[in-house]
J.: 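The structure follows.
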Amino acid sequence: MTGVQDAIHIHVNGQARTWRSGATVADLLQDLDIRTERVAVELNLEILDRSAFGQRRLESGDRVEILGFIGGGGAAKS
């Protein structure tokens, strides 16, 4: 991040984070080293379609929950 004006404040899995302005959900997942094939993303209480990960820009105040799928059909927070 180059400066405060380039930062946004988001929550990821309940944890406050400062992130770069203009980042997409796909950018966030990539930066966190999370593969998109086995996750579901809830953005502001709505499940986000995987095809929208690269298009949906994060905004200050967004709440992101990342759920990773595990064997047996269950899900766990990433």
Side-chain angles (χ1 to χ4, degrees):
M1 233 172 302
T2 58
V4 175
Q5 69 273 15
D6 296 328
I8 60 171
H9 302 282
I10 62 174
H11 285 83
V12 179
N13 290 348
Q15 186 176 44
R17 292 181 178 245
T18 301
W19 215 258
R20 70 180 186 277
S21 179
T24 64
V25 170
D27 294 331
L28 173 69
L29 294 173
Q30 183 176 7
D31 292 349
L32 294 174
D33 200 25
I34 296 173
R35 296 178 54 184
T36 61
E37 299 86 23
R38 295 189 175 260
V39 296
V41 176
E42 181 183 281
L43 181 63
N44 300 325
L45 302 177
E46 291 187 28
I47 299 295
L48 189 62
D49 189 279
R50 187 174 284 116
S51 66
F53 288 0
Q55 300 164 6
R56 175 50 167 86
R57 295 209 182 279
L58 295 169
E59 299 175 13
S60 204
D62 278 349
R63 294 188 175 274
V64 182
E65 294 291 329
I66 303 168
L67 303 172
F69 294 102
I70 56 176
K77 283 190 178 185
S78 292

J.: Once you round to the nearest 0.5 Å, how far does CD1 of I34 lie from CD1 of I66?
T.: 4.0 Å
J.: Rounded to the nearest 0.5 Å, how far does CG of D27 lie from CZ of F53?
T.: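 Atom-to-atom, F53:CZ and D27:CG are 12.5 Å apart.
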J.: Is R20 close to D31 at the side-chain level, that is, under 4.5 Å between some pair of heavy atoms?
T.: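 D31 reaches R20 side chain to side chain.
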J.: Under 4.5 Å between any side-chain heavy atoms of L28 and L58, yes or no?
T.: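 When only atoms from C-beta onward are counted, L58 and L28 do touch, with a gap below 4.5 Å.
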J.: Knowing that exactly one of L29, I47, L67 qualifies, which makes a side chain to side chain contact (heavy atoms under 4.5 Å, CB included) with V41?
T.: L29
J.: Determine which pairs satisfy salt bridge (charged side-chain N to carboxylate O under 4.0 Å, His left out) with at least one residue from residues 47-62, sequence neighbours left out, and list them in order.
T.: R56-D62
J.: Starting at CD1 of I8, measure out to CZ of R17 and round the result to the nearest 0.5 Å.
T.: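 That separation rounds to 12.0 Å.
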J.: So, taking the atom named CH2 in W19 and the one named CG in D6, what distance separates them when rounded to the nearest 0.5 Å?
T.: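 Taking CH2 in W19 and CG in D6, the distance rounds to 14.5 Å.
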J.: CG of N44 to CD1 of I10: how many Å apart, nearest 0.5 Å?
T.: 10.0 Å
J.: Could you report the tightest heavy-atom contact between S60 and H9, atom names first, then the distance?
T.: OG-N, 3.2 Å
J.: Listed by chain and number, what are the salt bridge (charged side-chain N to carboxylate O under 4.0 Å, His left out) partners of E46, not counting sequence neighbours?
T.: none
